[in-house]
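Working notes for the structure below.
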Amino acid sequence: MNENMAPTYMTRGLDIERGKGIYVYDTQGKKYLDLMTNYGVNIIGHANNAVNKAVNTQIQNLTSLHCSFENKTRQKFAQKLIEITPKNLTKVYLSNSGTESVEAAIKFVWAYSKNRKIITAKLGYHGKTLGALSATTSSPKYQKPFKPLFTEFEPISYNNIEQLKLAVNKKTAAVLLEPIQGESGIRPATKEFLKCARDLCDDNDALLVFDEVQTGLRTGNWTASQLYGIKPDIMCMAKSLANGVPIGVTLISQKVSEKLSKGMHSCTFGGNPLACAAGSATINFIEENNLLEHSKQMGDYFIEQLSQIESPTIREARGRGLMIALDLRKRHSAYLKKLQEFGILAIPAASTVVRFLPPLIIEKEHVDTAVDTLKQIL
Ligand SMILES: *Cc1c(COP(=O)(O)O)cnc(C)c1O
């Protein structure tokens with residue numbers, strides 16, 4: 001462990017020096033099957049040739065360019081984002097991370113509405129900067145040292161339609177939800193819950209905000225909004241969008257866009273051509289290789305194989321596309337540690353969930369390796 005790093009991260013005890021495709025390699029040359037991809041970032045695998053080529057070309061032309069200038073690479077990426085997301089979303093705000101995409105969403109909500117109250121879901125995760133953190137309740141330890149934070153956020157139980165109906169009224173500015181809760185254990189919303197949120201927002205002139213930072217490109221669709229067939233007014237994306245180059249995106253509908261003004265929100269690096277080039281290359285690669293369909297098939301196969309493991313330790317295998325949870329009847333830590341020893345990287349979620357966020361290029365043989373290893377460990 002590097003003694004120069006601030007001690008805010010748990011440590012894996014691994015020194016990784018390179019990656020290729022679905023594998024990463026440590027300094028000893030040991031190979032790991034990467035089924036976590038840095039919390040869902042490397043969506044088409046490490047060191048993807050198409051992304052590398054786009055980044056290499058861009059880096060020789062222009063890396064950073066403030067959004068007060070025009071740029072074709074950025075324009076193309078923005079256009080692509082509008083093309084692949086729900087049709088009512090017509091503008092993009094570009095930043096550098098998931099939490100920034102949520103910060104922008106919160107500010108846009110408050111710019112749009114005369115109200116301040118934002119209804120969120122218990123156990124939701126939206127990031128750790130102070131605004132996003134005010135909406136993050138997946139673990140009490142995240143908020144506790146920094147309270148009171150913003151007090152306009154009111155969490156209700158996820159998938160609880162009665163509580164949602166009681167919470168949303170004429171004083172509500174927005175409902176902010178993950179369509180599938182990631183950090184708290186890959187818990188998909190019911191369609192009825194999201195539909196109810198959509199209807200209540202319409203009835204009360206409140207905005208529906210979907211945090212798709214984790215679900216983006218990962219559910220067998222471009223977005224979970226499309227998986228559910230529900231259109232948010234604001235959508236946050238980040239993690240997977242540029243296959244590892246830092247990026248954040250906040251998509252907004254026309255009526256939200258009309259309430260924004262110059263200087264109200266900005267950031268220096270947002271929309272830099274380097275990230276935009278990587279983003280376009282990532283999306284194009286997924287399109288050209290039909291990876292959404294492939295990932296859906298692989299996800300179904302992975303969940304089915306996990307479900308067939310016979311072990312009293314397993315509570316449930318669940319997920320959508322390649323957002324997959326193996327929910328245990330015990331704490332996850334020992335199992336994650338064993339998996340790592342056996343050369344497989346997964347991530348914790350909640351306290352009992354082994355979470356898999358593999359790249360879309362995963363094949364059956366990789367799933368089989370993971371499932372066989374899990375059988376041994378369990
Ligand atoms: C990871 C995540 C964030 C925060 O993204 P960062 O890039 O880590 O700031 C926000 N929302 C959701 C749903 C996430 O999974």
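Whatever order the structure lists ligands and atoms in, that order sets their numbers, starting from 1.
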Where ligand 1 meets G127 - atom numbers and elements under 4.0 angstrom, heavy-atom basis: 4 (C), 10 (C)

D211 heavy atoms within 4.0 Å reach ligand 1 at atoms 10 (C), 11 (N), 12 (C), 13 (C)

Counting heavy atoms under 4.0 Å, the part of H126 that contacts ligand 1 is backbone

Salt-bridge contact K338-E341 (side-chain N to carboxylate O under 4.0 Å): yes

Would the distance check show the side chain of Q305 and the main-chain N or O of K364 forming a donor-acceptor pair, the cut-off being under 3.5 Å? no

Checking the N or O distance criterion of under 3.5 Å, is ligand 1 in contact with G98? yes

Electrostatic pair K165-E162, nearest N-O below 4.0 angstrom: no

Can K259 be said to sit on top of Y112's aromatic six-ring, NZ or CZ under 6.0 Å from centre and within 45° of the ring axis? yes

Judged on heavy-atom distance to atom 2 (C) of ligand 1, which of E103, K128, K239 sits nearest? K239

Could you tell me which non-hydrogen atom of R329 sits nearest to which non-hydrogen atom of P312, and how far apart they are? NH1-O, 3.2 Å

Electrostatic pair E212-R218, nearest N-O below 4.0 angstrom: no

Suppose I only count heavy atoms of Q214 and a 4.0 Å limit; which atoms of ligand 1 are within that range? 15 (O)

I want to check a possible cation-pi pair here: K330 against Y335, using under 6.0 Å from ring centre and within 45° of the ring axis as the test. no

Enumerated ligand 1 atoms positioned under 4.0 Å from heavy atoms of T99: 4 (C), 5 (O), 6 (P), 9 (O)

Look up atom 8 (O) of ligand 1 and tell me if a protein heavy atom lies less than 4.0 Å from it? no

Would you mind telling me if ligand 1 is within reach of the side chain of Y125, the backbone, both or neither, using heavy atoms under 4.0 Å? both

Under 4.0 Å from a heavy atom of E178: which atoms of ligand 1 are those, numbered in the order shown and with their elements? 13 (C)

